[in-house]
Amino acid sequence: MTSGEFPRAFFLRPTVEVAKDLIGAWIARRQGDAWYGGRIVETEAYLGAADRAAHSWAGRRTPRNEPMYMEGGHLYVFMVYGMHHCANVVTRDPEIAEAVLLRAAEGPPGTPAGLLSGPAKLCSHLGITSAYSGRDLLAGDDLRLLRGILAPPELAMTPRIGVDYAGEAKSWLLRFIDLNSPAISGPRRLNSAAKILISE
DNA sequence: CACATGATCGCCT
DNA sequence: GGCGATCATGTGG
């Protein structure tokens, strides 16, 4: 696995592929001269108009989710529960409103365990707010995604978290985790219903 | 560990 | 008006 920035084409691929391949990638945030961040260990795919759990379900298009309709590689950040933010990487071509939710990352050694374990905690501690919604990840200079430099992770897939309202889509296996990471969100969320190993 | 609850407000119907 | 792509805390087993 090589290191460095992802090219635009990476984000234009099928959303599930992007969600898988972002496991093991790094998210980096600049604060002055220093960079902070972590290794992404948990993502979820949101599949646009056909996906009842997605904000773009049934073609919904509002000021809030407008970034989902942008070209892959942009950021879609929204607020939930009036107090938390969630960050998504938009995928595919313009007008195809799909995205990958960044759910958890592992901080460098020495950082408190669980600091980035959860979509809202990740945003909070990396300072990602609604101000970043609609931004192009390939254009900014203070928030970047970088290819992983470690061995490819062992992946598992499970249903997504917190989408019980989504009918049939709630059981779709669109959550991807690094099996060996201690930083997965929630209380050892593996043992619930469906879990499948993926052979890389 | 599993589950339940409250906080809190922007966004959409 | 109602409802979350969450989290911290509290209870009980």
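A quick note: this is a predicted structure, and the numbers were derived from the prediction, not measured. Each chain gets a letter, A, B and so on, in the order the sequences are listed, and its residues count up from 1.
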message = Using the side-chain heavy atoms of M83(A), tell me which of these nucleotides is nearest: dA7(B), dT6(C), dA5(C).
response =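 Out of dA7(B), dT6(C), dA5(C), the nucleotide with an atom closest to M83(A)'s side chain is dA7(B).
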request  = Please determine, for the side chain of M79(A), which listed nucleotide (dA5(C), dA7(B), dG10(B)) has the closest atom?
outcome  =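 Output: dG10(B).
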query = According to the 5.5 Å centroid and 30° plane-angle thresholds, does Y46(A) stack upon the nucleobase of dA5(C)?
reply =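 Yes, Y46(A) stacks on the base of dA5(C).
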key: Within 45° cone of Y36(A) ring axis and under 6.0 Å: R30(A) NZ or CZ   =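 No, R30(A) and Y36(A) do not form such a contact.
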key: Result of checking T91(A), N88(A), T15(A) against E98(A) for side chain to side chain donor-acceptor pair (under 3.5 Å)   =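 The single option meeting the side chain to side chain donor-acceptor pair (under 3.5 Å) with E98(A) is T15(A).
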request  = Determine: side-chain N/O of Y81(A) to OP1/OP2 of dG6(B), distance under 4.0 Å, yes or no.
outcome  =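 No, because none of the side-chain N or O atoms of Y81(A) sits under 4.0 Å from OP1 or OP2 of dG6(B).
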ask   = If only side-chain N and O atoms of R60(A) are considered, is one of them under 4.0 Å from the OP1 or OP2 phosphate oxygen of dC11(B)?
value =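 Indeed not, no polar side-chain atom of R60(A) lies that close.
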request  = Determine the contact category for R103(A): base if any of its heavy atoms lies under 4.0 Å from a base atom, sugar-phosphate if only primed atoms, P, OP1 or OP2 are that close, otherwise nothing.
outcome  =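 Here R103(A) touches the backbone only, sparing every base.
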query = Does the gap between the ring centers of H85(A) and F78(A) come in under 6.0 Å?
reply =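 Ring-ring flag for H85(A)/F78(A): false, centres at least 6.0 Å apart.
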Roughly, in whole Å, what's the span from [atom1] in [X] to [atom2] in [N]?
X       : N       : atom1 : atom2 : value
I184(A) : dC1(B)  : CD1   : P     : 14 Å
E44(A)  : dT6(C)  : CD    : P     : 7 Å
Y76(A)  : dG10(B) : OH    : C1'   : 11 Å
L102(A) : dT6(C)  : CG    : P     : 13 Å

key: By salt bridge (Lys or Arg N to Asp or Glu O under 4.0 Å) - contacts of D93(A) (at least two apart)   =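 None.
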